[in-house]
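What follows is a single structure, and I will ask about it in a moment.
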Protein chains: 2
Amino acid sequence: MTLHDEGPVGADALDRVTWALRRAELAVTALKEQRLRSLGMAAAHYSLLIAVHVDPGLAGAELARRLNVTPQAVASLVARLEGRGQLERRPHPRHRHVQELHLTDAGRDALRKADSVIAEIEQQITEKLGAKDTGQLKALLGQVTDAIQQVQPAGPLSRPVTLRKDGTPG
Amino acid sequence: MTLHDEGPVGADALDRVTWALRRAELAVTALKEQRLRSLGMAAAHYSLLIAVHVDPGLAGAELARRLNVTPQAVASLVARLEGRGQLERRPHPRHRHVQELHLTDAGRDALRKADSVIAEIEQQITEKLGAKDTGQLKALLGQVTDAIQQVQPAGPLSRPVTLRKDGTPG
DNA sequence: GGACGACTGTCAAACACTTGACATAATGCA
DNA sequence: TGCATTATGTCAAGTGTTTGACAGTCGTCC
């Protein structure tokens, strides 16, 4: 199957699954960002808070892997959320060099408000698609994720990367 | 429907469509970025090149709207691609202050190589899902995009936004 | 016990992007 | 013709993130 070679490049480029995927994710993210903004929270903050909420005591490095960002970015976000009193850094009982992350009451409250906004968006989608199609969409998206990670297992290589000015890999 | 209130926050948070959507898009983007890196190209460059390829003579501002970034970001990308000799800025025949963007032969060549990489990833997904499910996935993703843009029409408001340090909208 | 390796966290620098403001040019209307 | 409006493109500054390098800590193998 080499139909994509020799053919005019952009012929089917705008009808690909990955484009539809990107457009949908872009639209959802933009809406989330807009709605969360009125709460004074960015989407990245919400993602971090809910990750810590689901797994209390998480370390920064592990959090960075789950959120697909660098430890630096996590440290920056954590510092800000800690400054707002929504997040707390405690020393790890066993590993002294590690810092456990925990939500404060204020953090739980902010997360609750933010999550209701996210849930509302989720509901709008569910209403439009119906329960059956929503379930199938989730299943298909899971298959896509599996298909990708089957080729590229989520490891140190899948960290966010950029490119230098001259085009050489950073 | 207010089931999401009062309940424990993260109970169903990791089983939402928007999460599955984000995970899938993140995985696909990471793989694209990794594969394109060996060609010395970033995903943003590919997106820009193919947009110009589909609509030659595009202006920077219009391009910015399509790519969901600011004109500044486009100008930066264009300057870099122009420096590599892959993109060309010509004066607009009628509007002197506008600059048309066109691909050079080198740009077309780079785009062809990059597109074959993207098409390969697309094919891996299509193989895994099958033609029928792939079509349905595209349709469902289109419905999601429509459902979102129905609430939040793609306009000046859907531009990329950030948040200040203090949490006030930028 | 001691050395090696792996992991966590932090600092300085470079890079990318957004924001805000400004100059320029074309269109619509009085 | 004159003027307001709109839109493109660019400059300067602020913000966020990645990169690269480093020190500290734990576990393991010799």
Side-chain angles (χ1 to χ4, degrees), chain A residues 26 29-30 33-34 37 41-45 47-48 57-83 87 89-101 155-170, chain B residues 26 29-30 33-34 37 41-45 47-48 57-83 87 89-101 155-170:
Chain A
L26 225 54
T29 296
E33 207 89 44
Q34 178 196 341
R37 195 176 48 173
M41 187 181 294
H45 299 164
S47 301
L48 195 155
L58 216 54
E62 175 63 22
L63 197 46
R65 281 189 290 268
R66 300 198 185 182
L67 299 182
N68 275 280
V69 294
T70 57
Q72 283 291 350
V74 169
S76 174
L77 290 173
V78 165
R80 180 169 307 180
L81 292 173
E82 190 184 19
L87 203 61
R89 280 193 286 194
R90 303 181 195 164
H92 193 288
R94 199 172 165 77
H95 305 268
R96 183 161 28 174
H97 198 243
V98 179
Q99 294 174 346
E100 287 188 344
L101 297 177
L157 283 177
S158 67
R159 282 182 313 195
V161 291
T162 56
L163 231 58
R164 287 187 186 283
K165 285 172 72 175
D166 53 8
T168 60
Chain B
L26 224 55
T29 296
E33 206 90 44
Q34 178 196 342
R37 195 175 49 171
M41 186 180 295
H45 300 166
S47 300
L48 195 154
L58 216 54
E62 175 63 21
L63 198 44
R65 282 188 288 269
R66 299 198 185 182
L67 299 182
N68 273 280
V69 293
T70 57
Q72 283 291 348
V74 170
S76 174
L77 291 172
V78 166
R80 181 169 307 180
L81 292 172
E82 190 184 20
L87 203 60
R89 281 192 286 192
R90 303 180 195 164
H92 193 288
R94 194 169 169 79
H95 305 267
R96 183 162 28 174
H97 198 243
V98 179
Q99 294 174 347
E100 288 188 340
L101 296 176
L157 284 176
S158 69
R159 281 183 315 197
V161 291
T162 56
L163 231 59
R164 289 188 186 282
K165 284 174 71 176
D166 53 8
T168 60

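Here the structure is a predicted model, which is why all the values come from computation and not from measurement. In what follows, chains are A, B, ... by sequence order, proteins preceding strands, each numbered from 1.
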(message) Could you check whether any side-chain heavy atom of A:Arg89 comes within less than 4.5 Å of a side-chain heavy atom of A:Glu100, counting everything from C-beta outward?
(response) no
(message) What is the separation between atom CD on B:Glu100 and atom P on D:dG9, rounded to the nearest whole Å?
(response) 10 Å
(request) Take atom CZ of B:Arg89 and atom P of D:dT8, then tell me their distance rounded to the nearest Å. (result) 16 Å
(message) What is the distance, to the nearest angstrom, from the CZ atom on B:Arg65 to the P atom on D:dA7?
(response) 8 Å
(request) Give the rounded distance in Å between these two atoms: NE2 of A:His45 and C1' of D:dT17. (result) 13 Å
(message) Counting only side-chain nitrogens and oxygens, does A:Arg96 get under 4.0 Å of the OP1 or OP2 atom of C:dC7?
(response) no
(request) State, yes or no, whether a side-chain contact exists between A:Leu48 and A:Leu87 at a heavy-atom distance under 4.5 Å. (result) yes
(request) Side chain of B:Val69 only, please: which of C:dT18, C:dT8, D:dT18 is the nearest? (result) C:dT18
(message) Nearest heavy atom decides the nucleotide; on that basis, is B:Glu62 or A:His97 closer to the 5' end of DNA chain D?
(response) B:Glu62
(message) I want to confirm an ordering. Mapping A:Arg94 and B:Leu58 to their closest nucleotides on DNA chain D, which one lands closer to the 5' end?
(response) B:Leu58
(request) Please tell me which of the listed nucleotides, C:dT8, C:dA26, D:dT18, lies nearest to the side chain of B:His95? (result) C:dA26
(message) Rounding to an integer number of Å, can you tell me how far A:Gln99 CD sits from D:dG24 C1'?
(response) 12 Å
(message) Quick check: do A:Arg80 and A:His45 have side-chain heavy atoms less than 4.5 Å from each other?
(response) yes
(request) Using only side-chain N and O atoms of A:Arg80, determine if any of them is under 4.0 Å from OP1 or OP2 of D:dG16. (result) yes
(request) Please report, rounded to the nearest Å, how far the P atom of D:dC26 is from the NE2 atom of A:His92. (result) 10 Å
(request) Decide side-chain contact (heavy atoms from CB on, under 4.5 Å) for B:Leu67 and B:Leu63; before the verdict, give the C-alpha distance in whole Å, the side-chain angles of both, and the deciding distance to 0.1 Å. (result) CA-CA 6 Å; B:Leu67 299 182; B:Leu63 198 44; 4.2 Å; yes
(request) Starting at atom CG of B:Leu101, determine the distance to atom P of D:dG9, rounded to an integer number of angstrom. (result) 7 Å
(request) Give the rounded distance in Å between these two atoms: CG of A:Leu48 and C1' of D:dT17. (result) 15 Å
(request) Among C:dT10, D:dT17, D:dT10, find the nucleotide with the atom closest to the side chain of A:Ala73. (result) D:dT17
(request) Please answer whether the main-chain N or O of B:His97 pairs with a side-chain N or O of B:His95 as donor and acceptor at a distance below 3.5 Å. (result) no
